[in-house]
There are 2 protein chains.
Amino acid sequence: MRRDARLSRMLHVLIHMDRHDGPATSEVIARMLATNPVVVRRTMAGLRDQGFVRSEKGHGGGWTLARDLREITLLDVYRAVGRPPVFVLGPAIDHPGCLVEQAVNAAVDGALAEAEALLLARFGAVTLADLARDFDRRFAEAKGRRPPAAG
Amino acid sequence: MRRDARLSRMLHVLIHMDRHDGPATSEVIARMLATNPVVVRRTMAGLRDQGFVRSEKGHGGGWTLARDLREITLLDVYRAVGRPPVFVLGPAIDHPGCLVEQAVNAAVDGALAEAEALLLARFGAVTLADLARDFDRRFAEAKGRRPPAAG
DNA sequence: AGCTTTCGTAACCAGGGAAGTTGCGAGGGA
DNA sequence: TCCCTCGCAACTTCCCTGGTTACGAAAGCT
Ligand code: FES
Ligand code: FES
């Protein structure tokens, strides 16, 4: 339980939902992600609030995509799951009057900010449709080399 | 997850040590960092093992710089404190046979790897001497504008 | 109406990692 | 010898994500 897996999980489930007809229940999604329904609802709440998915109660209810995968970027999902902190590394203390600390923070935070900007730019440039396409490619490739006994 | 402050802390203390004549005890360093001596020794152990600082026991003992600040980069210090994980974000599960998961991981990990490479490159390009110089600049600047009442 | 399904949410526990704390031992100078 | 200072192990504390339980609300089915 160390790394924040919410982004990856939501990407995974969104792609599955695209290939899935009709609503998927939290229960079904939970089984796909090897977790449990409450965690699914908790995490998907952000996506719902941002309008990427819809949820419906009662018989035949569950989760459905509200947008085309082409209109959802990794960055959108990252934001929808609450923009979790990107880095583990951080400043020691906010030592206001300490000039050494200021110089250190300026250097570290500067590098961190650059790396974060790059990361988010990459996230913003990839849509879920791209991931789905990559999945298709892998799928076709896996079928192509039909393992006779051991994959 | 709480932020790992070891890198920033060690940068801070190394610059201080450069401006400090004679050994600095863990006690003194702990006061500078607003922490306690055991944490200082624990964190500095890595720097000592990598040969960036030396420690000596007994009267007049303490920590001394073993290298010029120009020969120490942020990357060196990052490595010396144990190369803590850079990112909080991580993959959901290693789902070997799951192609969706593979596609997701490829995209996320790829972006993460790029960002990490950039970050470490930046760290590698900055020496402690650069930080010290930045500190000097800030110091001179602060003296220059002598705030009469409010900065 | 009543039952069942499914989401919504609060409340709590579990696990992991950094930091903080305590205690004792080792080494070196006065 | 005595005191200072590091070395290190063990324990506690704190925060955060994930897992679990419990109950309520909405919506369909009979
Ligand atoms: S559960 Fe991930 S590919 Fe189906
Ligand atoms: S404690 Fe002196 S500048 Fe940081």
Side-chain angles (χ1 to χ4, degrees), chain A residues 1-10 12-13 17 20 22-49 52-64 66 78 81-93, chain B residues 1-10 12-13 17 20 22-49 53-64 66 78 80-93:
Chain A
M1 230 172 279
R2 40 188 212 302
R3 305 289 249 271
D4 187 331
R6 285 175 289 181
L7 171 61
S8 294
R9 294 234 256 233
M10 290 303 96
H12 186 168
V13 73
M17 283 169 65
H20 190 284
T25 66
S26 302
E27 170 64 29
V28 167
I29 295 172
R31 270 199 294 268
M32 293 192 316
L33 300 179
T35 177
N36 82 48
V38 178
V39 174
V40 171
R41 290 190 201 109
R42 190 192 286 160
T43 314
M44 307 259 301
L47 290 170
R48 182 195 55 220
D49 295 345
F52 296 114
V53 299
R54 268 189 293 267
S55 63
E56 277 171 292
K57 300 177 179 177
H59 278 262
W63 300 87
T64 47
Y78 166 76
V81 297
R83 305 170 190 251
V86 173
F87 297 106
V88 176
L89 277 55
I93 315 174
Chain B
M1 185 184 297
R2 195 159 55 190
R3 301 296 237 276
D4 187 332
R6 286 175 291 180
L7 171 62
S8 294
R9 295 236 255 230
M10 290 303 97
H12 186 169
V13 73
M17 284 169 65
H20 191 284
T25 65
S26 302
E27 170 64 28
V28 166
I29 294 172
R31 268 199 295 268
M32 292 193 316
L33 300 180
T35 177
N36 82 49
V38 178
V39 174
V40 171
R41 291 191 198 106
R42 188 191 289 158
T43 314
M44 307 260 301
L47 291 171
R48 182 195 56 219
D49 295 346
V53 299
R54 268 189 294 267
S55 63
E56 277 172 291
K57 300 176 180 177
H59 277 264
W63 300 87
T64 47
Y78 166 75
V81 297
R83 303 169 192 253
V86 173
F87 297 106
V88 175
L89 278 56
I93 314 174

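Side chains are part of it too, since the values below use all heavy atoms of this structure and drop only hydrogens, waters and symmetry mates. Please read these numbers as outputs of a predicted model, since none were measured by experiment. Numbered from 1 within each chain, the chains take letters A, B, ... in sequence-line order.
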Does the T43(A) side chain pair with the main chain of V81(A), one donor and one acceptor, at a distance under 3.5 Å? no
Does H20(B) reach the main-chain N or O of G22(B) with its side chain, forming a donor-acceptor pair under 3.5 Å? yes
Nearest whole Å is fine: how far is [N] [atom2] from [X] [atom1]?
| X | N | atom1 | atom2 | result |
| --- | --- | --- | --- | --- |
| E56(B) | dG7(D) | CD | C1' | 15 Å |
| R6(A) | dG19(D) | CZ | C1' | 14 Å |
| I29(A) | dT6(C) | CD1 | P | 12 Å |
| R31(B) | dT5(D) | CZ | C1' | 14 Å |
| E27(A) | dG19(D) | CD | P | 14 Å |
| M44(A) | dT6(C) | CE | P | 15 Å |

I want to confirm an ordering. Mapping G61(A) and P85(B) to their closest nucleotides on DNA chain C, which one lands closer to the 5' end? G61(A)
Do E56(B) and P23(B) have side-chain heavy atoms sitting under 4.5 Å apart? no
Quick check: do P37(A) and R41(A) have side-chain heavy atoms less than 4.5 Å from each other? yes
Contacts of F87(B) meeting ring pair (Phe, Tyr, Trp, His ring centres under 6.0 Å) (sequence neighbours excluded), chain-then-number -> F87(A)
Sorted by chain and residue number, the side chain to side chain contact (heavy atoms under 4.5 Å, CB included) partners of T25(B) (sequence neighbours excluded) come out as E27(B), V28(B)
With sequence neighbours excluded, tell me which residues meet side chain to side chain contact (heavy atoms under 4.5 Å, CB included) with S55(B). R48(B), W63(B)
With a cut-off of less than 4.0 Å, is there a side-chain N or O of [X] near OP1 or OP2 of [N]?
| X | N | result |
| --- | --- | --- |
| T35(B) | dA19(C) | no |
| T25(A) | dT6(C) | no |
| S55(B) | dC6(D) | no |

Where the side chain of R48(B) is concerned, which of dC6(D), dG20(C), dT17(D) is the nearest nucleotide? dC6(D)
Encode nucleotides 22-30 of chain C as B, S and - characters from 5' to 3', where the letter depends on protein heavy atoms closer than 4.0 Å: B to the base, S only to sugar-phosphate, - to neither. B----BBB-
